[in-house]
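Remarks on the structure that follows.
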Amino acid sequence: MKAIAVRPGQPNSVHMAELPMPAVANVPDGRGVLVRVLKIGVDATDREINDALYGASPPGYDFLVLGHESFGIVEEVGPAVKHVQPGDYVTCTVRRPGGSIFDQIGRSDITSEEVYYERGINLLHGYLTEYFVDDAEFIVRVPVGLKHLHVLAEPMSCAAKAVEQAFEAQKRLQVWKPERAFVTGAGQIGLLATLILRLRGMEVYTIARSGKPSLKAEIAEAYGSTYVSTRETSLKDLVEQVGKPDLIIEATGSSQVAFEAMEVLGHNGAIVWTSITGGQRNIQIPSDHVNLNWVLGNKLLLGSVNANYRHFESGIADMALGEVTYPGVTERILTNPVDGLENYTEMMRLLVEEKSALKVYVNVAEG
């Protein structure tokens with residue numbers, strides 16, 4: 001079957017590859033689920049892997065199949081599978097277990113091992129193909145009423161985990177009732193984090209470079225957030241106008257913004273870094289000032305990468321609530337469809353050249 005792959009370590013190597021057709025029996029103990037791929041989302045991660053910034057092929061292969069944002073329909077299940085059945089719409093988690101204690105208890109998203117396994121990213125093939133098989137443990141059912149949001153389930157899981165992790169970590173304070181949040185970045189994760197925080201009743205400022213009018217600004221404001229362009233208002237200026245945030249979700253992909261955010265966080269606040277920076281950029285920071293204020297202010301910084309099954313379920317629940325609360329808004333994130341695996345060059349062109357492309361996804365099959 002056809003698949004879109006790269007040769008890790010070789011820049012601009014995206015190409016059409018071939019994979020054998022998978023079978024339910026490939027997964028032991030009757031836990032296999034065969035999924036026919038309908039749509040696959042691609043993002044900056046896929047672009048950076050094609051740029052050879054990171055990524056590794058599975059053992060025995062000289063290529064890595066891309067695509068970690070999956071949406072498909074179940075074709076067949078093993079006898080031990082109960083929670084999904086043929087005809088169900090599903091997505092699939094990304095990280096797979098290694099050998100640490102966290103991996104063994106179902107928390108591969110916080111593995112303590114240096115080597116990690118992620119479908120479409122590192123050491124495991126992704127979903128940008130015609131069919132895939134996986135263990136039922138990693139298959140998440142998507143309600144038919146949300147099929148129009150399809151590939152957003154995976155980025156939504158990352159946003160859901162980021163917000164959850166902040167609240168979990170802030171239990172250290174015994175009492176934490178955040179009222180104001182900054183979301184830096186208005187890509188898919190930034191906008192979905194904006195939605196989650198608004199659903200929790202917070203005052204949200206969604207901050208990005210693009211000025212208004214723009215689609216990103218329209219979506220953020222349709223969620224009830226205040227959109228702020230850093231071309232017009234810096235983070236420090238925004239704080240002078242509205243006050244310091246209790247929570248910052250950082251999703252720009254810019255290490256400079258990530259560190260700038262540390263300078264504006266309020267006392268007892270938390271920052272969650274969600275974006276990956278694969279480059280070699282160096283910046284200067286006022287380290288003495290940051291150190292003093294963070295210690296005296298009891299501030300917290302944490303990283304959040306990928307998500308596990310329950311974060312997918314939580315994110316899907318918030319997408320459903322978002323559809324009721326802000327009908328028709330989330331679907332606007334899905335901006336740039338590409339029809340067919342054979343059009344992978346257009347897929348990559350959109351990721352590299354089309355700055356207005358908020359969400360690029362491939363229509364693999366009808367269903």
Side-chain angles (χ1 to χ4, degrees), residues 3 5-9 19-20 22-35 45-46 48-49 52-70 77-84 90-129 131-141 153-155 157-162 164-166 168-169 272-278 301-315:
V6 298
R7 296 182 179 88
L19 284 178
V24 165
N26 293 351
V27 179
D29 302 322
R31 296 182 52 79
V33 179
L34 175 65
V35 177
T45 297
D46 302 280
E48 291 171 352
I49 293 172
L53 298 181
Y54 47 84
S57 301
Y61 290 86
D62 64 355
F63 62 85
L64 169 70
V65 176
L66 292 173
H68 58 280
E69 300 173 355
S70 66
V77 301
V81 178
K82 304 301 180 185
H83 76 290
V84 293
V90 295
T91 184
C92 200
T93 65
V94 180
R95 182 72 66 88
R96 293 293 175 271
S100 78
I101 183 63
F102 302 103
D103 296 294
Q104 294 172 32
I105 64 169
R107 291 303 310 274
S108 56
D109 58 307
I110 56 170
T111 184
S112 58
E113 296 186 330
E114 293 291 329
V115 178
Y116 59 94
Y117 302 88
E118 290 178 340
R119 296 201 61 158
I121 299 174
N122 202 56
L123 297 173
L124 293 172
H125 285 316
Y127 304 114
L128 201 45
T129 183
Y131 292 85
F132 68 84
V133 159
D134 215 325
D135 192 299
E137 177 183 354
F138 310 116
I139 302 290
V140 186
R141 188 169 177 268
E154 193 280 334
S157 75
C158 295
K161 179 185 175 182
E164 180 214 66
Q165 292 291 287
E168 284 292 312
V272 185
W273 284 357
T274 68
S275 56
I276 299 295
T277 49
L301 170 65
L302 61 111
S304 179
V305 61
N306 266 320
N308 64 32
Y309 192 98
R310 62 187 176 85
H311 301 128
F312 273 78
E313 289 191 315
S314 173

Okay, side chain of [X], backbone of [Y]: is any donor-acceptor separation there less than 3.5 Å?
X: S314; Y: H311; result: no
X: S70; Y: C92; result: yes
X: E113; Y: G99; result: yes
X: S108; Y: D103; result: no
X: H68; Y: G120; result: no

Taking everything shown except Y309 itself, do over 12 heavy atoms lie less than 6.0 Å from its OH? yes
Taking all non-hydrogen atoms of both residues into account, name the closest pair between [X] and [Y] and its distance.
X: S100; Y: S112; result: CB-OG, 3.2 Å
X: Y54; Y: T45; result: OH-CA, 3.5 Å
X: V272; Y: A166; result: CG2-CB, 3.8 Å
X: F63; Y: H125; result: O-CE1, 3.3 Å
X: V27; Y: G32; result: CB-CA, 3.5 Å

Applying ring-ring contact (aromatic ring centres under 6.0 Å, His included), name anything that partners [X], two or more places apart in sequence or on another chain.
X: Y131; answer: none
X: F132; answer: Y127
X: F102; answer: none

Which residues satisfy the salt bridge (charged side-chain N to carboxylate O under 4.0 Å, His left out) test with [X], sequence neighbours excluded?
X: D135; result: R31
X: E168; result: K171
X: D109; result: R107, K161

[X]: partners by side chain to side chain contact (heavy atoms under 4.5 Å, CB included), with sequence neighbours left out:
X: V84; result: V33, V74, V77, V81, D88, V90, I139, R141
X: L124; result: R96, Y117, R119
X: A169; result: L300, L302
X: V24; result: L34, E76

Would D134 and V35 count as a side-chain contact (heavy atoms from CB on, under 4.5 Å) here? Give the steps. CA-CA 8 Å; D134 215 325; V35 177; over 6 Å; no
Roughly how far, to the nearest 0.5 Å, is the [atom2] atom of [Y] from the [atom1] atom of [X]?
X: L123; Y: I121; atom1: CG; atom2: CD1; result: 11.0 Å
X: N122; Y: L64; atom1: CG; atom2: CG; result: 8.0 Å
X: S157; Y: E313; atom1: OG; atom2: CD; result: 11.5 Å
X: L66; Y: T129; atom1: CG; atom2: OG1; result: 11.5 Å

E118: which residues meet the side chain to side chain donor-acceptor pair (under 3.5 Å) condition with it, sequence neighbours left out? R95, N306
All side chain to side chain donor-acceptor pair (under 3.5 Å) counterparts of S304, not counting sequence neighbours: none
